K.L.:
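One structure follows; several queries about it will come next.
If you read the sequence from its start, that first residue is 1, and numbering goes on from there. This is a predicted model, so every value here is computed, not measured.
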Amino acid sequence: MMRKALIVGIDDYGDASLSGCVNDATTMSTILERNADGSPNFAIMSITSPPLGVTRQNLRQSLNQLFLGDCDVALFYFAGHGLINDSGGFIVTSDYDAYDEGISMDEILKLANKSKAKDKIIILDCCHSGTLGSTSTDGSNSTQLNDGVTILTACRPYESATENNGQGLFTSLLIDALYGGAADIRGYITPGGLYAYVDAALGPWDQRPMFKTNVSRFTRIRTVPPQIPFDVLRKLTDYFTDAQSEHDLDPTYEDTTPDANPENVQKFKHLQKYVAEGLVKPVGEDHMYYAAMNSKSCKLTALGYHFWRLVKEGKI
């Protein structure tokens, strides 16, 4: 599976220099290169200024290389200055000049739309980044997101992106999310999970991230250890024969009772893991302990049925 990422961070803007973008890009490169278990993830091309100058020419060339070919995932991350004017939104390069500030966001989207990569992911941590994919100033349809395109931005079109203590606020949240904060039960981190994590962390008076996508399923950006081990998750179909079945409980499931059965106690630990992740709920009681002590039962939730079906189909 071919996955490649172009990671760009620019601090060097002369009198308008920033302090945290290179550090953000370096950290993003490190975390995206491998999954939590050390397995390869993205093949990284990283360009930062300093030490190199990120010019319009070399960034445009790198973007074309990123979106060229039919790889599985092509991801572009940018941290630096963003600008909006009557011509639209731009990511600003280190050789910026008046009326020629950098690369148009419309141009980046056009490259992604034309790409044969299965998934195209664009992440911008810069001021006015929400302009990407918004209404085009020239009346073209370049704002349309073709199949497989996902955009995640630090802020809305008219907002600034905050930098605190040498790190972008948006990227600092992304990094926490990629380390596991945005992982689902299986340990998969998707663009939707990243957005949900960042969105929940920012208050109504903070910069607001934007999320735009045209996909039929989310691709994995990174994997971390699952919240429920796969061998335990696969036992869903052992404990529940079909979507509507209930698993009967009794006091032998509770290890504090005199009649505790070791086999049932182990099952109960698994069932409690499912409850903690919203896959199973007790029937007739608020808590699993009382469901066991009062010989009630438990059943799958809607989310639990989703994973039950994945196990049944051999996808977990």
Side-chain angles (χ1 to χ4, degrees), residues 1 3 35-37 39 41 72-73 75 118-121 145 147-152 173-174 176-201 209 211-249 253 264-292 296-316:
M1 186 167 62
R3 299 157 62 89
N35 295 304
D37 64 359
S39 60
N41 190 20
D72 293 284
V73 184
L75 184 150
K118 293 181 179 66
D119 287 285
K120 288 78 61 173
I121 301 168
L145 272 60
D147 184 46
V149 175
T150 295
I151 295 170
L152 183 57
L173 293 171
L174 282 182
D176 290 343
L178 287 166
Y179 271 122
D184 67 11
I185 291 169
R186 294 167 293 179
Y188 297 169
I189 299 170
T190 67
L194 289 180
Y195 174 74
Y197 183 91
V198 175
D199 176 67
F211 182 64
K212 307 166 189 178
T213 191
N214 181 15
V215 297
S216 57
R217 48 90 186 107
F218 281 135
T219 189
R220 281 173 273 172
I221 293 182
R222 193 169 189 260
T223 59
V224 299
Q227 297 177 38
I228 299 178
F230 283 155
D231 61 331
V232 175
L233 196 55
R234 294 186 187 107
K235 292 184 181 294
L236 272 173
T237 53
D238 295 337
Y239 301 149
F240 301 93
T241 56
D242 59 59
Q244 304 303 322
S245 67
E246 297 183 4
H247 188 96
D248 293 328
L249 302 171
Y253 280 72
N264 286 345
V265 167
Q266 185 60 45
K267 289 180 182 179
F268 200 47
K269 290 180 179 178
H270 294 167
L271 292 167
Q272 287 175 314
K273 285 183 182 290
Y274 301 154
V275 170
E277 299 302 329
L279 305 184
V280 167
K281 61 181 180 181
V283 176
E285 297 286 353
D286 292 333
H287 302 285
M288 288 289 280
Y289 171 81
Y290 295 110
K296 299 294 182 66
S297 63
C298 58
K299 65 179 182 179
L300 293 169
T301 63
L303 180 63
Y305 171 66
H306 169 72
F307 283 99
W308 180 90
R309 184 167 51 81
L310 292 177
V311 173
K312 199 73 174 178
E313 295 171 355
K315 295 179 180 178
I316 294 180

K.L.:
Is the shortest side-chain heavy-atom distance between L152 and T213 below 4.5 Å?
P.N.:
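No. Closest side-chain heavy atoms not under 4.5 Å.
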
K.L.:
Evaluate the side-chain proximity of I185 to L303: yes if any heavy-atom separation is below 4.5 Å, no if none is.
P.N.:
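Touching, per the 4.5 Å side-chain cut-off.
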
K.L.:
In terms of side-chain heavy atoms, does T223 have a donor or acceptor partner in N35 at a distance below 3.5 Å?
P.N.:
yes

K.L.:
For the atom pair OH (Y253) and NZ (K267), what is the distance rounded to the nearest 0.5 Å?
P.N.:
4.5 Å

K.L.:
To check you understand the geometry: which heavy-atom pair defines the closest contact between Y289 and F268, and what is its length?
P.N.:
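Result for this residue pair: N-CZ, 4.2 Å.
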
K.L.:
A side-chain contact here means heavy atoms from C-beta on lying under 4.5 Å apart; do V280 and K299 qualify?
P.N.:
no

K.L.:
If you take all heavy atoms of R222 and L178, which pair is closest and at what distance?
P.N.:
NH1-O, 2.9 Å

K.L.:
Keeping T301 on the side-chain end and L279 on the backbone end, is there a donor-acceptor pair under 3.5 Å?
P.N.:
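Between the backbone of L279 and the side chain of T301 there is a qualifying donor-acceptor contact (under 3.5 Å).
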
K.L.:
To the nearest 0.5 angstrom, please state how far the CD1 atom of I228 sits from the NE2 atom of H270.
P.N.:
10.0 Å

K.L.:
Is there a donor-acceptor pair closer than 3.5 Å between any side-chain N or O of R234 and the backbone N or O of I316?
P.N.:
yes

K.L.:
Has Q227 got a side-chain atom pairing as donor or acceptor with A183's backbone, closer than 3.5 angstrom?
P.N.:
yes

K.L.:
The test is side chain to side chain contact (heavy atoms under 4.5 Å, CB included); show your working for L236 and F307 and say whether it passes.
P.N.:
CA-CA 8 Å; L236 272 173; F307 283 99; 4.0 Å; yes

K.L.:
Run the side chain to side chain contact (heavy atoms under 4.5 Å, CB included) test on C298 and F240 for me, step by step, so that the C-alpha distance in whole Å, both residues' side-chain angles and the decisive distance to 0.1 Å come before the verdict.
P.N.:
CA-CA 10 Å; C298 58; F240 301 93; 4.0 Å; yes

K.L.:
Show the nearest heavy-atom pair for residues I121 and P191, with the distance to one decimal.
P.N.:
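Closest pair (atom of I121, atom of P191, distance): CD1-CG, 4.0 Å.
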
K.L.:
If you look at every heavy atom in A291 and S297, which pair is closest and at what distance?
P.N.:
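What the structure gives for the nearest pair is CB-O, 4.2 Å.
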
K.L.:
Do the non-hydrogen side-chain atoms of L271 and L249 ever get within less than 4.5 Å of each other?
P.N.:
yes

K.L.:
Does a salt bridge link R3 with D72, judged by any charged N lying under 4.0 Å from a carboxylate O?
P.N.:
no

K.L.:
Any side-chain to backbone donor/acceptor pair from W308 onto A243? Under 3.5 Å, distance only.
P.N.:
no

K.L.:
Verify the distance criterion only: is there a donor paired with an acceptor across the side chains of Y274 and H247 at less than 3.5 Å?
P.N.:
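No.
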
K.L.:
Would you call R309-E313 a salt bridge at under 4.0 Å N-O?
P.N.:
yes

K.L.:
Starting at OG1 of T237, measure out to CG of L310 and round the result to the nearest 0.5 Å.
P.N.:
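It is 11.5 Å, given to the nearest 0.5 Å.
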
K.L.:
Do the ring planes of F211 and F218 sit parallel (below 30°), tilted (30 to 60°) or perpendicular (above 60°)?
P.N.:
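Tilted, since the angle between the ring planes falls between 30° and 60°.
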
K.L.:
Between K296 and E285 (salt bridge meaning N to carboxylate O under 4.0 Å), is one present in this structure?
P.N.:
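Looking at E285 together with K296, the answer is yes, because their closest N to O distance falls below 4.0 Å.
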
K.L.:
How many angstroms lie between atom NZ of K212 and atom OG1 of T150, to the nearest 0.5 angstrom?
P.N.:
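One gets 12.0 Å once the value is rounded to the nearest 0.5 Å.
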
K.L.:
Report yes if some heavy atom in the side chain of K118 is under 4.5 Å from a heavy atom in the side chain of V73; otherwise report no.
P.N.:
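They are not in contact (no side-chain heavy atoms under 4.5 Å apart), so the answer is no.
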
K.L.:
Would you check if S39 and D37 make a side-chain contact, meaning some heavy-atom pair closer than 4.5 Å?
P.N.:
yes

K.L.:
Ignoring hydrogens and angles, tell me if any N or O in the side chain of D119 forms a donor-acceptor pair with the backbone of T219 under 3.5 Å.
P.N.:
no

K.L.:
Any side-chain heavy atom of Y290 within less than 4.5 Å of one from P282?
P.N.:
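No, their side chains stay 4.5 Å or more apart.
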
K.L.:
Check whether any side-chain heavy atom of D147 sits under 4.5 Å from a side-chain heavy atom of V215, and report yes or no.
P.N.:
no

K.L.:
Answer yes or no: does atom CG of D286 have more than 12 heavy-atom neighbours from other residues, nucleotides or ligands under 6.0 Å?
P.N.:
no

K.L.:
Where the side chain of R186 meets the backbone of P226, is there a donor-acceptor pair that is under 3.5 Å apart?
P.N.:
no

K.L.:
Any chance you could lay out the side chain to side chain contact (heavy atoms under 4.5 Å, CB included) test for L173 and L194, step after step, and finish with the verdict?
P.N.:
CA-CA 9 Å; L173 293 171; L194 289 180; over 6 Å; no

K.L.:
Set out, in order, the CA-CA distance, both residues' side-chain angles and the distance that settles side chain to side chain contact (heavy atoms under 4.5 Å, CB included) for T190 and I221, then state yes or no.
P.N.:
CA-CA 5 Å; T190 67; I221 293 182; 5.9 Å; no

K.L.:
To check you understand the geometry: which heavy-atom pair defines the closest contact between S245 and T241, and what is its length?
P.N.:
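Scanning both residues, the minimum pair turns out to be OG-N, 3.2 Å.
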
